[in-house]
Peer 1: 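Dropping a structure here in structure tokens format, bear with me for questions.
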Amino acid sequence: MRSSAEAPTGMRSGGEAWTCKRDPHPDAARMEAWLSDLTPDLRVGHDPGRSVTVSAGDVPLLTYTYRPAPTLSMVRTLADEPVPGVTWSPPHIDEHPRLHPAGDHTLSELSATGTTATAAHRLIWTGHDGAPVLDEWRALTAALTGDDSWVLMFENTLTNVSGAPLTFGAAGATSGGLRWRGALSYTGDGPWEVPAEVPAPATVVLVDDDANPHHPPLRSPGGHTIAFRHAAVITAGPRDTGTLAALGRTALSAPQRRARSPRDG
């Protein structure tokens with residue numbers, strides 16, 4: 001546990017060791033300076049045609065592999081503690097229970113501002129016969145919150161390109177969508193799922209955008225596009241989940257990123 005007088009030592013982005021001393025009565029300007037010192041800038045590493053890694057100083061916060069199959073791995077807190085695994089795929093579709101990623105895996109965006117980092121791309125999901133079923137645009141954005149937490153934003157659109165109606169997320173479906181083992185999940189009314197075991201080294205709160213489609217089931221005619229947004233707030237150690245959920249809500253209140261359609265090329 002941190003003491004009231006001193007925060008743990010760490011590393012600046014340049015490799016210099018630092019210790020954050022706390023004044024018992026800081027003014028707002030000094031506090032802002034401390035928080036700026038406490039969290040290094042975000043930076044992006046890119047293995048072209050394969051993966052993106054977002055780091056805060058020397059701590060790799062996540063690695064997103066976008067080819068050959070989209071996979072999010074090695075998610076960590078700012079204190080360099082691992083958090084449980086996450087899977088992110090289209091919701092279960094009754095007519096096509098098994099989808100396969102195919103098509104263009106080129107990144108359409110890769111950017112970093114110091115406090116945020118974003119990677120976005122398009123991919124095609126095909127059925128068992130190889131025919132296109134969904135055209136997906138997806139974006140991952142990491143954002144620093146100014147304390148020992150950070151937010152991972154998931155945004156995606158799914159366009160039905162199968163030529164026939166699709167049924168998403170029928171009752172009883174146990175696969176697909178955004179699934180984060182060990183996370184506390186929030187809707188507008190608070191936590192709706194509290195797992196039996198939440199790993200002690202880290203807390204993850206997953207916040208659902210109020211504008212997301214409500215299902216099951218959700219029926220999508222041919223050519224129809226649906227959009228989803230979620231915010232995962234990640235912090236080291238136990239924290240008040242209501243406070244973390246509020247950080248997620250703040251992230252979701254920002255304008256939605258532009259989702260590319262199949263006609264964008």
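Residues: numbered from 1 along the sequence shown. Values below: all heavy atoms of this structure, side chains included; hydrogens, waters and symmetry mates excluded.
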Peer 1: For Thr63 and Thr53, which I'm curious about, is there any donor-acceptor pair between the side chains at under 3.5 Å?
Peer 2: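 Judged by distance alone, the side chains do pair up.
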
Peer 1: Under the side chain to side chain contact (heavy atoms under 4.5 Å, CB included) criterion, do Val83 and Thr77 qualify, and how do the steps go?
Peer 2: CA-CA 7 Å; Val83 299; Thr77 70; 3.8 Å; yes

Peer 1: Going through the checks in order, is the side chain to side chain contact (heavy atoms under 4.5 Å, CB included) test met by Arg239 and Asp148?
Peer 2: CA-CA 10 Å; Arg239 284 281 299 275; Asp148 58 355; 2.7 Å; yes

Peer 1: State, with a plain yes or no, whether a side-chain heavy atom of Leu158 is found less than 4.5 Å away from one of Pro91.
Peer 2: yes

Peer 1: Could you tell me if Arg122 and Ser108 have a donor-acceptor pair between their side chains, going purely by distance under 3.5 Å?
Peer 2: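 Side-chain D/A pair, Ser108 to Arg122: absent.
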
Peer 1: Among His230, Glu136, Arg138, whose side chain to side chain donor-acceptor pair (under 3.5 Å) with Asn156 holds?
Peer 2: Glu136

Peer 1: Nearest 0.5 angstrom please: His92 NE2 to Thr167 OG1, how far?
Peer 2: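 The distance works out to 9.0 Å.
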
Peer 1: Which pair of heavy atoms, one from Ser149 and one from Leu244, lies closest together, and at what distance?
Peer 2: OG-CD2, 3.8 Å

Peer 1: Does Tyr64 share a hydrophobic cluster with Leu110, counting links as ILVMFWY side-chain heavy atoms below 4.5 Å and allowing steps through other members?
Peer 2: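 The answer is yes; both residues are in one hydrophobic cluster.
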
Peer 1: Tell me if a side-chain donor or acceptor on Thr141 pairs with a main-chain N or O of Thr118 at a distance below 3.5 Å.
Peer 2: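 Not confirmed, Thr141 side chain does not pair with Thr118 backbone.
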
Peer 1: Mind checking the CG-OG1 spacing from Leu178 to Thr87? Nearest 0.5 Å is all I need.
Peer 2: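 That separation rounds to 7.0 Å.
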
Peer 1: For Leu134 and Leu99: C-alpha separation, side-chain torsions, deciding distance, then whether side chain to side chain contact (heavy atoms under 4.5 Å, CB included) applies.
Peer 2: CA-CA 9 Å; Leu134 294 174; Leu99 295 175; 3.9 Å; yes

Peer 1: Which value, rounded to the nearest 0.5 Å, describes the distance between Trp150 atom CH2 and Arg76 atom CZ?
Peer 2: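 Answer for the CH2-CZ pair, Trp150 versus Arg76, is 11.5 Å.
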
Peer 1: Under 4.0 Å between a side-chain nitrogen and a carboxylate oxygen: does that hold for Arg229 and Asp210?
Peer 2: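 A salt bridge is absent here (no side-chain N lies under 4.0 Å from a carboxylate O).
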
Peer 1: Rounded to the nearest 0.5 Å, what separates atom CG in Leu62 from atom CG in Leu72?
Peer 2: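 Those atoms lie 5.5 Å apart.
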
Peer 1: With rounding to the nearest 0.5 Å, note down the distance linking CG in Leu123 to CG in Asp135.
Peer 2: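 So the gap between those two atoms works out to 8.0 Å.
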
Peer 1: Could you check Arg249 against Asp209 for salt bridge (charged side-chain N to carboxylate O under 4.0 Å, His left out), going step by step and ending with a plain yes or no?
Peer 2: CA-CA 8 Å; Arg249 290 284 180 215; Asp209 194 318; 6.0 Å; no

Peer 1: Which of parallel (below 30°), tilted (30 to 60°) and perpendicular (above 60°) describes Trp88 and Phe154?
Peer 2: perpendicular

Peer 1: Of the non-hydrogen atoms in Leu252 and Ala231, which two are nearest, and what is the gap between them?
Peer 2: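 That would be CG-CB, 3.9 Å.
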
Peer 1: Quick one: does Val205's side chain get under 4.5 Å of Trp180's, heavy atoms only?
Peer 2: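 Contact flag for Val205/Trp180 side chains = no.
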
Peer 1: Taking it one step at a time, do Leu42 and Thr115 satisfy side chain to side chain contact (heavy atoms under 4.5 Å, CB included)?
Peer 2: CA-CA 6 Å; Leu42 294 181; Thr115 57; 5.9 Å; no

Peer 1: For Tyr66 and His46, take the angle between the two ring planes, folded into 0 to 90°, and tell me which bin it lands in: parallel under 30, tilted 30 to 60, perpendicular over 60.
Peer 2: tilted

Peer 1: Report yes or no: do Ser51 and Thr65 form a side-chain donor-acceptor pair below 3.5 Å?
Peer 2: no

Peer 1: Looking only at heavy atoms, which two atoms of Ala117 and Val44 are closest? And how far apart?
Peer 2: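 Heavy-atom minimum between the residues: CB-CG2, 3.7 Å.
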
Peer 1: So which atom in Leu144 and which in Gly114 form the shortest heavy-atom distance, rounded to 0.1 Å?
Peer 2: CD1-O, 3.8 Å

Peer 1: Rounded to the nearest 0.5 Å, what separation is found between the CD1 atom of Ile93 and the OG atom of Ser162?
Peer 2: 8.0 Å

Peer 1: Checking side chain to side chain contact (heavy atoms under 4.5 Å, CB included) between Val133 and each of Asn160, Leu166, Thr126, which is the one that passes?
Peer 2: Leu166

Peer 1: Hey, are the side chains of Trp137 and Glu155 touching, using non-hydrogen atoms and a 4.5 Å cut-off?
Peer 2: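 With C-beta onward as the side chain, the pair touches.
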
Peer 1: Verify whether one side chain among Ser253 and Thr250 offers a donor that lies under 3.5 Å from an acceptor in the other.
Peer 2: no

Peer 1: Does a side-chain heavy-atom distance below 4.5 Å link Val52 with Leu107?
Peer 2: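 Yes - at least one pair of side-chain heavy atoms lies under 4.5 Å apart.
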
Peer 1: Provide the closest heavy-atom pair for Phe228 versus Asn212 in the form atom of the first, atom of the second, distance.
Peer 2: CA-OD1, 3.4 Å

Peer 1: Judged by atom type as modelled, is there a donor-acceptor pair below 3.5 Å linking the side chain of Ser55 to the main-chain atoms of Asp58?
Peer 2: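 Side chain of Ser55 to backbone of Asp58, a donor-acceptor pair under 3.5 Å: no, none is there.
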
Peer 1: What are the two closest non-hydrogen atoms of Leu247 and Val151, and how far apart are they?
Peer 2: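 Shortest heavy-atom contact: O-CG2, 4.4 Å.
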
Peer 1: Do Asp240 side-chain atoms and Thr243 backbone N/O form a donor-acceptor pair below 3.5 Å?
Peer 2: yes

Peer 1: Got a donor-acceptor contact below 3.5 angstrom from the Arg179 side chain to the Gly176 backbone?
Peer 2: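 Yes; judged by distance alone, with no hydrogens or angles, the pair exists.
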
